[in-house]
Asker: 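Can you keep this structure in mind? I'll have questions shortly.
Any value given below was found using the heavy atoms of this structure, including those in side chains, with hydrogens, waters and symmetry copies removed. Ligands are counted one by one from 1 in listed order, and the atoms in each one are counted from 1 as well.
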Amino acid sequence: MMDDRFSRVLLDQAEIQERIRTLGEQITHEMRGLVPCVIPILDGGMIFASDLVRKISLPITLLPIKASSYGMESVSSGNLDLPWGVPPLVRDRDVLLVDDILDTGLTLTTLRSTLLEAGARSVRTCVLLRKQHANHLHSDYIGFDIPNEFVVGYGLDHAGRHRNLPEISCLEIEKKN
Ligand code: IMP
Ligand code: MG
């Protein structure tokens, strides 16, 4: 078992919660009149989504999807695994996809087209974080733009660990000799 070290706290609990409050207000305003089908992307998006939906004052439904592109590594494997598939309940729904971080864009790009093929009426996306190297990639809602570092906490993991940390920290990745 590796011993992970954190170089610094990037976002503390108060900053995260305040940003989620304003994102919730914006989504409530811009999706008013709709009954959004909120799709947390598990596992990473579940912590963020659970706080976010409580700041959205609309009659939402929740429909989690499990997706993974990383395995046990800290570099994307390049293909997206959807072990639970995509539920047929998305047909004719206005979907809001919620994920922890926009990195290569593979997760959101793949899921957006999969959901549209499955009959979703519209697909919006919301990510808590966007890495600097992804700043040309679009998401309808973005919590914070962050530097190109590997971060953990608040849903984000390294090899399955640290998702339960209440703040977001930068991980020191050990250089292999
Ligand atoms: P993308 O599909 O490459 O945009 O990456 C999205 C997924 O990669 C996220 O849902 C995370 O699970 C994972 N990911 C990307 N960057 C990080 C990071 O810095 N820390 C932890 N997980 C990450
Ligand atoms: Mg992950």
Asker: Which of the atoms in ligand 1, numbered in the order shown and given with their element, are less than 4.0 Å from a heavy-atom of Gly105?
Answerer: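 Taking each heavy atom of Gly105 in turn, ligand 1 has 1 (P), 3 (O), 4 (O) under 4.0 Å.
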
Asker: Looking only at the side chains, is there a donor atom on one of Gln132 and Asp145 sitting less than 3.5 Å from an acceptor on the other?
Answerer: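 Absent: no donor and acceptor within the cut-off.
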
Asker: Of the backbone atoms (N, CA, C, O) and the side-chain heavy atoms from C-beta on, which set of Glu149 has a member under 4.0 Å from an atom of ligand 1: side chain, backbone, both, or neither?
Answerer: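 The answer is the backbone of Glu149.
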
Asker: What are the atoms of ligand 1, with element, lying closer than 4.0 Å to any heavy atom of Asp99?
Answerer: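 Listed by number with element: 10 (O).
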
Asker: Output yes when Glu25 and Arg21 qualify as a salt bridge under the 4.0 Å nitrogen-oxygen rule, no when they do not.
Answerer: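 Here Glu25 pairs with Arg21 in a salt bridge, since their nearest N and O are under 4.0 Å apart.
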
Asker: Report yes or no: does Asp100 have a heavy atom closer than 4.0 Å to ligand 1?
Answerer: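 Judged by the 4.0 Å heavy-atom criterion, Asp100 does count as contacting ligand 1.
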
Asker: For Lys131, take its heavy atoms, then give the atoms of ligand 1 lying under 4.0 Å from any of them.
Answerer: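 Going through ligand 1 atom by atom, the ones under 4.0 Å from Lys131 are 16 (N), 17 (C), 18 (C), 19 (O).
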
Asker: Looking at Arg121 and Asp94, is there a salt bridge between them, counting it only when a charged N and a carboxylate O are closer than 4.0 Å?
Answerer: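 Yes, this pair counts.
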
Asker: In this structure, which one of Ile56, Leu97, Leu52, Leu108 forms a side-chain contact (heavy atoms from CB on, under 4.5 Å) with Cys126?
Answerer: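 Per the side-chain contact (heavy atoms from CB on, under 4.5 Å) rule, the option paired with Cys126 is Leu52, out of Ile56, Leu97, Leu52, Leu108.
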
Asker: Going through the checks in order, is the side-chain contact (heavy atoms from CB on, under 4.5 Å) test met by Arg130 and Ile146?
Answerer: CA-CA 6 Å; Arg130 179 173 66 174; Ile146 64 160; over 6 Å; no

Asker: Quick one: do the Thr125 and Ser139 side chains pair a donor with an acceptor below 3.5 Å?
Answerer: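 Short answer, yes.
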
Asker: Would you mind checking if Glu167 and Arg8 are paired as a salt bridge, meaning a charged N to carboxylate O distance below 4.0 Å?
Answerer: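 No, no charged N to carboxylate O under 4.0 Å.
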
Asker: When you look for heavy atoms under 4.0 Å from ligand 1, do you find them on the side chain of Leu108, its backbone, both, or neither?
Answerer: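 Neither; no heavy atom under 4.0 Å.
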
Asker: Applying a heavy-atom cut-off of 4.0 Å, say which part of Thr107 lies close to ligand 1: side chain, backbone, both or neither.
Answerer: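 Near ligand 1, Thr107 shows its backbone as well as its side chain.
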
Asker: Indicate yes or no: does an N/O atom of Val151 lie under 3.5 Å from an N/O atom of ligand 1?
Answerer: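 N/O-N/O distance below 3.5 Å exists for this pair.
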
Asker: Quick one: does Leu156 get an N or O within less than 3.5 Å of an N or O on ligand 1?
Answerer: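 N/O-N/O distance below 3.5 Å does not exist for this pair.
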
